Amino acid sequence: MDATDIIYRPKHYAEYNIEPIEFIMKNEMEFWRGNIIKYAARAGLKTYDGMDAQQSEITDLHKVMRYAEMRINHLQNNEVL
């Protein structure tokens with residue numbers, strides 16, 4: 001398997017000894033927690049189409065914040081996550 005395979009070993013996760021998905025699944029984490037880990041782990045490593053590296057990193061960090069915000073809203077019984 002090629003280390004840069006976008007399906008089985010995406011480059012933005014290949015530098016870790018344990019990929020975020022493996023860590024998340026082995027620890028049976030909830031969806032929101034897993035996504036926070038996933039986006040935090042790849043922040044600064046994945047560049048989105050139409051964005052430079054800095055914009056892409058900021059986007060992933062905003063996703064981390066959004067999933068944390070959704071969890072807080074859920075805990076506070078807000079109708080809108």
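Here the structure is a predicted model, which is why all the values come from computation and not from measurement. In this chain, numbering begins with 1 at the start of the sequence shown.
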Give the C-alpha distance, both sets of side-chain angles, the deciding distance and a yes or no for side-chain contact (heavy atoms from CB on, under 4.5 Å) between Leu45 and Glu15. CA-CA 10 Å; Leu45 301 175; Glu15 74 174 57; 3.5 Å; yes
Search all heavy atoms of Leu61 against all heavy atoms of Ala43 and return the closest pair with its distance. CD2-CB, 3.8 Å
Using the side-chain contact (heavy atoms from CB on, under 4.5 Å) rule, take Asn78 and His74 through it: C-alpha gap first, then chi angles, then the decisive distance, then the call. CA-CA 6 Å; Asn78 294 334; His74 182 252; over 6 Å; no
Residue pairs meeting salt bridge (charged side-chain N to carboxylate O under 4.0 Å, His left out), one or both in residues 44-62, sequence neighbours left out, come to Arg42-Asp60
Rounded to the nearest 0.5 Å, the NZ atom of Lys26 sits from the CD1 atom of Ile18 at a distance of 6.5 Å
Checking the side chain of Ser56 only, and the main-chain atoms of Tyr48 only, is there a donor and an acceptor separated by less than 3.5 Å? yes
What is the ring orientation for Tyr67 with Tyr39, classed by angle as parallel under 30°, tilted 30 to 60°, or perpendicular over 60°? parallel
Going through the checks in order, is the side-chain contact (heavy atoms from CB on, under 4.5 Å) test met by Ile37 and Met29? CA-CA 10 Å; Ile37 290 169; Met29 293 183 172; 3.3 Å; yes
As an exercise, state the distance from CG of Asn27 to CZ of Arg33, rounded to the nearest 0.5 Å. 10.0 Å
Quick one: CD on Glu30 to CD1 on Ile36, what's the gap to the nearest 0.5 Å? 9.5 Å
Is there a side-chain contact between Thr59 and Lys63, using heavy atoms and a 4.5 Å cut-off? yes
Same cluster or not: are Phe23 and Phe31 linked, directly or through other Ile, Leu, Val, Met, Phe, Trp or Tyr residues, by side-chain heavy atoms under 4.5 angstrom apart? no
